[in-house]
Protein chains: 2
Amino acid sequence: MRQDVPATIDRSSYEPAYAQLANILRRQIAAGIFRPGDRLPSEAQLCRRYGVSPMTVRRVINILAEQGVVVAEQGRGTFVKPLELGTAAFNLEEFQRIFRDEEQTKVTLLEIRIASADERIAQKLALEVGQRTIYIRRLISHQEAPVLYHREYLIYDPKRPIVEAELEVTSLRGLFNGGGESTLKRGELTIDATVLTKEEAQLLQAPEATAALRLEHIFYDFEDHPVSWGWFICPSDRLRLTTTVGIQE
Amino acid sequence: MRQDVPATIDRSSYEPAYAQLANILRRQIAAGIFRPGDRLPSEAQLCRRYGVSPMTVRRVINILAEQGVVVAEQGRGTFVKPLELGTAAFNLEEFQRIFRDEEQTKVTLLEIRIASADERIAQKLALEVGQRTIYIRRLISHQEAPVLYHREYLIYDPKRPIVEAELEVTSLRGLFNGGGESTLKRGELTIDATVLTKEEAQLLQAPEATAALRLEHIFYDFEDHPVSWGWFICPSDRLRLTTTVGIQE
DNA sequence: AAGTGGTCTAGACCACTAT
DNA sequence: TAGTGGTCTAGACCACTTT
């Protein structure tokens, strides 16, 4: 037994009862009091034990179930879930942090030009081959060191306000942290691995043939038309994706 | 307007009222009826409009907030969130799928042996340099083609049941899909990019110097002791991480 | 003061599982 | 039949923001 788990709910606390109870149960599981496969006390028992209403207990169980800590089975009970690697989720917080740190982060516009769509671009942006797109290359530096190289094709349509907004160098910041583009409905993202080309290595000041992560994106507007296709290149010694799976206290 | 959104809740449906209302609001947002930054109707208005109790509306708002679709601000209202790239989450479903498909997936044990810990291993597993570990190499093939190369160091402790369990080739399956190890409390995972070595390329039947994803893991038991350190190598043409961000209908 | 979200109650009724 | 989770109600009270 490593640490005592508080056993009651403090009604005078600023932390709401449901959050307190969720933490109590999660800590009990983390401490090994309830092991994977074990059944938790029934909801009625938890109501009596902690002096809260059924609705509040229900909410707590829902929270723990969403966190992947337990699984509730109707008619049988609520059980502690074993570790499941497939539920691990990696997020882009590291990327977000770079753009949030406005003092230390600089976005350099390397190139903007009109480019006519080849077959690949046309397919990604649902255009005809030969139609105009806007091609943008950016280099993102953090603390004086280049960390990301971004290339992007935007649909060219003078009627669309998004084009002007996207051209602004600051738009990337909004895209990562929110509050930016409000004309985008959704994006499809893919991560894979790549080897730096000579050009990429030079810009990113990395040795040639270094391994790098590649984050590809397509963004869609509210009419479900693609408006942007592009990708970030990120040497894997500068940015990693990390996460934890299982019980976090 | 692309599609009509059902405007009432069907009380005779098997789908609970809260789920129906969440879908109604999400579809209205997806259809552009409410745009990023817009305020949703107040909870009291939603109660009257859809004939449900405050608790049910509350639950709906919570669900949409968890999904990152809206943000509720006390005293002000509930607002549609703009697209935020930083909230994108990549999961390991692709990996999970491989192991779930038991017919088509074969795990080959390439090597098991006792290895004494060098400085790097000792640090990862919280051991002294020179202590014994179990070194395992596995090749995972799907539909006759190798997709993953796994190397792993396990702490060597005859008293620990985990060791025997981990040695079984089937244990990877349980780890990914759940129902496996119940002695593991949590894992720390990292994804980065790497270039295949000659040995890796040969085993994975890929050209040398190909880019690959590398998924590193450390697993901890309920005493918070590390029990396993290892990594999967996965050529990026065989497995990608994909996700979507924003509104999904 | 009025309107907003946030928490919580004390039940009701239902669906499902085990015995 | 008894016990389990799952949904839902009709309020209450509170904290916060806006006017």
Side-chain angles (χ1 to χ4, degrees), chain A residues 6 8-26 28-29 34 36-81 179, chain B residues 6 8-26 28-29 34 36-81 179:
Chain A
T8 60
I9 288 169
D10 175 12
R11 299 319 278 244
S12 67
S13 166
Y14 283 104
E15 194 181 20
Y18 76 88
Q20 289 185 52
L21 182 51
N23 287 332
I24 288 171
L25 294 178
R26 198 187 307 100
Q28 287 178 345
I29 293 167
F34 300 115
D38 287 356
R39 216 196 73 182
L40 290 188
S42 76
E43 303 192 355
Q45 287 173 319
L46 290 173
C47 288
R48 289 194 295 274
R49 169 74 181 78
Y50 294 98
V52 292
S53 78
M55 250 320 228
T56 301
V57 167
R58 212 68 256 303
R59 186 171 180 179
V60 169
I61 300 297
N62 273 334
I63 288 169
L64 295 178
E66 275 156 24
Q67 294 176 345
V69 174
V70 304
V71 54
E73 297 181 25
Q74 194 171 39
R76 300 210 328 119
T78 302
F79 302 87
V80 179
K81 262 177 102 170
Chain B
T8 59
I9 289 170
D10 174 12
R11 299 319 278 244
S12 68
S13 167
Y14 284 103
E15 193 181 20
Y18 76 88
Q20 290 185 52
L21 182 50
N23 286 332
I24 288 172
L25 294 178
R26 198 188 306 100
Q28 286 179 343
I29 293 167
F34 300 114
D38 287 356
R39 216 196 73 182
L40 289 189
S42 75
E43 303 192 355
Q45 287 173 320
L46 291 172
C47 288
R48 290 193 294 274
R49 170 73 181 77
Y50 294 97
V52 292
S53 76
M55 252 315 232
T56 301
V57 167
R58 212 68 257 302
R59 186 171 179 179
V60 170
I61 300 296
N62 274 334
I63 288 170
L64 295 178
E66 275 155 23
Q67 293 176 345
V69 174
V70 304
V71 54
E73 298 181 25
Q74 194 171 37
R76 300 212 327 119
T78 302
F79 301 87
V80 179
K81 263 177 102 169

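All values below come from the heavy atoms of this structure, side chains included, with hydrogens, waters and symmetry mates left out.
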Novice: Can you list the residues that meet the side-chain hydrogen bond (donor to acceptor under 3.5 Å, both in side chains) rule with A:Thr56, with sequence neighbours excluded?
Specialist: A:Ser53
Novice: Which residues pass the side chain to side chain contact (heavy atoms under 4.5 Å, CB included) test with B:Ala65, sequence neighbours left out?
Specialist: B:Val70
Novice: Provide, to the nearest angstrom, the distance between the CG atom belonging to B:Asp10 and the P atom belonging to D:dT7.
Specialist: 16 Å
Novice: Between atom CG in B:Leu25 and atom P in C:dG5, what is the gap in whole Å?
Specialist: 12 Å
Novice: Applying side-chain hydrogen bond (donor to acceptor under 3.5 Å, both in side chains), can you list everything that pairs with B:Gln20, at least two apart in sequence or on another chain?
Specialist: none
Novice: Have a look at A:Tyr50 and tell me which of A:Val60, A:Val57, A:Ile24 forms a side chain to side chain contact (heavy atoms under 4.5 Å, CB included) with it.
Specialist: A:Ile24
Novice: Pairs in or reaching into residues 62-71 of chain A: which pass side-chain hydrogen bond (donor to acceptor under 3.5 Å, both in side chains), with residues at least two apart or in two chains?
Specialist: A:Arg26-A:Gln67
Novice: Using a cut-off of 4.0 Å between protein heavy atoms and nucleotide atoms, how would you tag nucleotides 9-19 of chain D 5' to 3' with B, S and -?
Specialist: BB----BBSS-
Novice: Separation of A:Glu43 atom CD from C:dA15 atom P, in whole Å?
Specialist: 17 Å
Novice: Without decimals, in angstroms, what is the distance between A:Ile63 CD1 and C:dT7 P?
Specialist: 9 Å
Novice: Output the residues of residues 12-20 of chain A in contact with DNA chain C, where contact means a heavy atom of the residue under 4.0 Å from an atom of the strand; sort by number or write none.
Specialist: A:Pro16, A:Ala17, A:Tyr18
Novice: Please enumerate all residues that pass side-chain hydrogen bond (donor to acceptor under 3.5 Å, both in side chains) together with A:Arg76, with sequence neighbours excluded.
Specialist: A:Glu73
Novice: C:dT4, OP1 or OP2 - any side-chain N/O from B:Ser42 closer than 4.0 Å?
Specialist: yes
Novice: Quick one: B:Leu40 CG to C:dG5 C1', roughly how many Å, whole number?
Specialist: 12 Å
Novice: Using the side chain to side chain contact (heavy atoms under 4.5 Å, CB included) criterion, which residues pair with A:Arg48? Sequence neighbours excluded.
Specialist: A:Ala44, A:Gln45
Novice: Got a sec, which pairs hit salt bridge (charged side-chain N to carboxylate O under 4.0 Å, His left out) with one end in residues 8-25 of chain A, sequence neighbours left out?
Specialist: none
Novice: Over how many whole Å does the gap from A:Asn62 atom CG to D:dC8 atom C1' extend?
Specialist: 13 Å
